[in-house]
Trainee: 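Below is a structure I'd like to ask you about.
Residue numbers run from 1 in the order of the sequence given.
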Amino acid sequence: MEFSAKQIATFIQGEIVGDENATVHTFAKIEEGVPGAISFLSNPKYTPYIYETQASIVLVNKDFVPEKEIKATLIKVDNAYESLAKLLTLYEQSKPKHTGISSLAFVAETAKIGKDVYIAPFAFVGDYAEVGDNTVIHPHATVGSGAKVGNDCIVYANATIYHDCRVGNHCILHAGSVIGADGFGFAPTPEGYEKIPQIGIVVLEDNVEIGANTCVDRATMGATIVHSGVKLDNLIQVAHNDEIGSHTVMAAQVGIAGSTKVGEWCMIGGQVGIAGHSHIGNKVNLGAQSGVPGNVKDGSVLIGTPPQDPKQYFKSSIALKSLPDALTELRQLRKEVEELKKKLES
């Protein structure tokens with residue numbers, strides 16, 4: 001499909017600088033722009049590319065002032081990145097969609113399937129499972145017995161929703177993600193570790209996105225809950241009986257131990273580890289590789305292990321580099337003090 005600058009500006013409420021009849025049919029990064037592509041500039045670091053790009057249209061923030069001539073037609077908006085997201089969403093929605101159940105899929109007779117659903121070859125939908133309207137189940141994905149998937153969801157290849165778990169509306173489960181595997185529960189005995197049955201479920205509310213190979217474990221009892229609007233990156237572990245607050249986002253390789261509650265609108269960097277039975281407040285920011293041993297108050301911005309104020313953390317990191325020299329100096333001072341003591345005593 002092809003769109004003109006005028007059509008795009010109308011959709012995102014932007015101001016055109018240049019040819020309103022310029023047309024595009026694809027997207028490209030600004031440094032890789034080609035004729036017929038639309039790109040965007042939001043990070044000032046990429047500003048030099050706007051004078052060289054071959055993209056036909058570039059989205060820019062309203063406060064952008066060019067220093068020299070630009071070939072591309074500009075569309076000025078309040079937030080170029082958000083506007084690009086809107087256009088990408090429109091582009092995705094305009095793609096033709098498959099519907100129907102492949103003859104190579106297995107769908108139990110007792111399963112309930114909504115309208116305009118697509119179930120791809122080799123997908124599995126178990127007994128008494130439910131799949132909502134307009135949902136897409138990709139090849140080799142599994143919806144276990146008694147599980148429920150809402151409307152307008154996408155379950156990508158090899159994603160697994162275990163028995164009785166709940167997935168809300170407008171959710172995306174990427175390839176290899178696992179919803180509802182057993183929590184890590186074992187009781188030590190003289191003979192070894194005895195498995196504790198995990199009889200709870202997982203509940204994903206609406207508009208949740210789960211990254212590739214991310215695991216959300218079922219509860220020992222009750223439910224592990226991921227509230228609405230949460231976005232989890234790839235390779236994340238959410239343990240049994242955790243609760244993740246609405247609109248919290250987590251980068252790759254975060255690990256959260258069991259029975260921990262994470263508040264709303266938190267931002268958690270890559271490889272953060274959070275101890276079990278902790279309470280993380282609302283609007284908490286945790287820097288990458290932070291190790292969190294316990295509770296964190298609302299609004300905290302922390303980094304490191306144990307987590308601390310970023311300014312203090314970076315000061316400590318700088319001081320750590322000079323620690324070997326300081327230790328050598330301390331030893332020398334101790335030696336001199338001992339020598340002075342001996343002279344005074346004699």
Trainee: Taking transitive links into account, so neighbours of neighbours count too, which hydrophobic residues share a cluster with W265 at under 4.5 Å side-chain distance?
Mentor: none
Trainee: Between I280 and C266, what is the shortest heavy-atom contact and its length?
Mentor: CG2-SG, 4.5 Å
Trainee: Taking T224 for the side chain and D217 for the main chain, is one N or O donor matched with an acceptor at less than 3.5 Å?
Mentor: yes
Trainee: Does D164 reach the main-chain N or O of A147 with its side chain, forming a donor-acceptor pair under 3.5 Å?
Mentor: no
Trainee: Given 3.5 Å as the limit, does a donor-acceptor pair link the side chain of D206 with the main chain of N169, or not?
Mentor: yes
Trainee: Roughly how far, to the nearest 0.5 Å, is the CD1 atom of I16 from the NZ atom of K6?
Mentor: 8.0 Å
Trainee: For atom CD of E31, decide whether the heavy atoms of other residues, nucleotides or ligands shown that lie under 6.0 angstrom number more than 12.
Mentor: yes
Trainee: Is E338 paired with K335 through a side-chain N to carboxylate O contact shorter than 4.0 Å?
Mentor: no
Trainee: Start with the C-alpha gap between I161 and T142, add the side-chain angles, then the distance that decides, and say whether side-chain contact (heavy atoms from CB on, under 4.5 Å) holds.
Mentor: CA-CA 6 Å; I161 303 166; T142 297; over 6 Å; no
Trainee: Can you check whether E264 reaches H247 side chain to side chain, under 4.5 Å on heavy atoms?
Mentor: no
Trainee: Would you confirm whether T53, through its side chain, and A55, through its main-chain N or O, come within 3.5 Å as a donor-acceptor pair?
Mentor: yes
Trainee: Could you tell me the separation between the CD atom of E243 and the CG atom of N241, rounded to the nearest 0.5 Å?
Mentor: 10.0 Å
Trainee: Mark yes or no for whether R218, through its side chain, and A181, through its backbone, hold a donor-acceptor pair below 3.5 Å.
Mentor: no
Trainee: Are F124 and I113 grouped together when hydrophobic residues (ILVMFWY) are joined by side-chain heavy atoms under 4.5 angstrom apart?
Mentor: no
Trainee: Is the count of non-hydrogen atoms from other residues, nucleotides or ligands lying under 6.0 Å from K195 atom NZ greater than 12?
Mentor: yes
Trainee: Looking at I101, V155, T135, L104, which hits side-chain contact (heavy atoms from CB on, under 4.5 Å) with I119?
Mentor: I101
Trainee: Check the pair L232, V238 against side-chain contact (heavy atoms from CB on, under 4.5 Å), reporting the backbone distance first and the verdict last.
Mentor: CA-CA 10 Å; L232 303 184; V238 177; 4.1 Å; yes
Trainee: For I303 and S290, work out which heavy atoms get closest and say how close.
Mentor: CA-OG, 3.3 Å
Trainee: With side chains defined as the heavy atoms from C-beta onward, is the minimum distance between N21 and S4 less than 4.5 Å?
Mentor: no
Trainee: Are any non-hydrogen side-chain atoms of L59 and I38 less than 4.5 angstrom apart?
Mentor: yes
Trainee: Is T305 reaching over with its side chain to a backbone N or O of G291, donor-acceptor style, under 3.5 angstrom?
Mentor: yes
Trainee: Report the C-alpha separation of M250 and I256 in whole Å, then their side-chain angles, then the decisive distance to 0.1 Å, and conclude whether the side-chain contact (heavy atoms from CB on, under 4.5 Å) test is met.
Mentor: CA-CA 11 Å; M250 299 183 192; I256 305 177; 3.3 Å; yes
Trainee: Are F40 and L88 linked, directly or through intermediate hydrophobic residues, by side-chain heavy-atom contacts shorter than 4.5 Å (ILVMFWY only)?
Mentor: yes
Trainee: What are the two closest non-hydrogen atoms of A251 and G270, and how far apart are they?
Mentor: CB-N, 3.5 Å
Trainee: According to ring pair (Phe, Tyr, Trp, His ring centres under 6.0 Å), does anything in residues 289-338 pair up with another residue at least two apart or in another chain? List the pairs.
Mentor: none
Trainee: Kindly give the cluster partners of L235, where membership spreads through any ILVMFWY side chain lying under 4.5 Å from a current member.
Mentor: none
Trainee: Return yes if some donor-acceptor pair links the side-chain N/O of T26 with the main-chain N/O of G36 below 3.5 Å, else return no.
Mentor: no
Trainee: Once you round to the nearest 0.5 Å, how far does OG1 of T47 lie from CD of E67?
Mentor: 8.0 Å
Trainee: Would T220 and H240 count as a side-chain hydrogen bond (donor to acceptor under 3.5 Å, both in side chains) here? Give the steps.
Mentor: CA-CA 6 Å; T220 306; H240 57 191; 3.3 Å; yes
Trainee: Measure the spacing between CG of L286 and CD1 of I274 and express it to the nearest 0.5 Å.
Mentor: 5.5 Å
Trainee: Side chains of H227 and E205: do they bring a donor and an acceptor to under 3.5 Å?
Mentor: yes
Trainee: For A239 versus G258, what's the shortest heavy-atom pair and its separation?
Mentor: CB-N, 3.5 Å
Trainee: May I ask whether V254 and I210 are part of the same hydrophobic cluster, defined by side-chain heavy atoms of I, L, V, M, F, W, Y residues being less than 4.5 angstrom apart, directly or through others?
Mentor: yes
Trainee: Do you know which two heavy atoms are closest between H174 and A159, and how far apart they sit?
Mentor: O-CB, 3.7 Å
Trainee: Got a second to check how far L302's CG is from K297's NZ, nearest 0.5 Å?
Mentor: 11.0 Å
Trainee: Determine whether a donor-acceptor pair (N or O, by modelled atom type, separation under 3.5 Å) exists between the side chain of T328 and the backbone of P324.
Mentor: yes
Trainee: Under a 4.5 Å cut-off applied to non-hydrogen side-chain atoms, are F106 and V125 in contact?
Mentor: no
Trainee: Which other residues belong to the hydrophobic cluster containing V136, where Ile, Leu, Val, Met, Phe, Trp and Tyr are joined when side-chain heavy atoms lie under 4.5 Å apart, directly or via other members?
Mentor: Y118
Trainee: If you link ILVMFWY side chains whenever their heavy atoms are less than 4.5 Å apart, which other residues fall into the same cluster as V17? By chain and number, please.
Mentor: I30, L41, Y46, Y49, I50, Y51, V58, V60, F64, I70, L74
Trainee: Do the side chains of V249 and V230 get nearer than 4.5 Å, heavy atoms only?
Mentor: no
Trainee: Taking only residues two or more places apart in sequence, or in another chain, which ones meet H138 in a ring pair (Phe, Tyr, Trp, His ring centres under 6.0 Å)?
Mentor: Y156
Trainee: Going by side-chain contact (heavy atoms from CB on, under 4.5 Å), I8 matches just one of I57, T73, L90, T23. Which one?
Mentor: I57
Trainee: Nearest 0.5 Å, what's the NZ-OG1 distance between K231 and T248?
Mentor: 11.5 Å
Trainee: For K76, does the NZ atom sit with more than 12 other heavy atoms under 6.0 Å from it, leaving out its own atoms?
Mentor: yes
Trainee: Taking atom types as modelled and ignoring hydrogens, do the side chains of E194 and T189 form a donor-acceptor contact shorter than 3.5 angstrom?
Mentor: no
Trainee: Ignoring hydrogens and geometry, is there a side-chain-to-backbone donor-acceptor pair from D298 to N282 under 3.5 Å?
Mentor: yes
Trainee: Under a 4.5 Å cut-off applied to non-hydrogen side-chain atoms, are V216 and V226 in contact?
Mentor: yes
Trainee: Taking the side chain from D242 and the backbone from T260, do they hold a donor-acceptor pair closer than 3.5 Å?
Mentor: yes
Trainee: Indicate yes or no: at least one non-hydrogen side-chain atom of S56 is less than 4.5 angstrom from one of S39.
Mentor: no
Trainee: Do Y162 and V208 belong together in a cluster built from hydrophobic side chains that touch within less than 4.5 Å?
Mentor: no
Trainee: Given side chains that start at C-beta, do those of N79 and V77 come closer than 4.5 Å, heavy atoms only?
Mentor: no
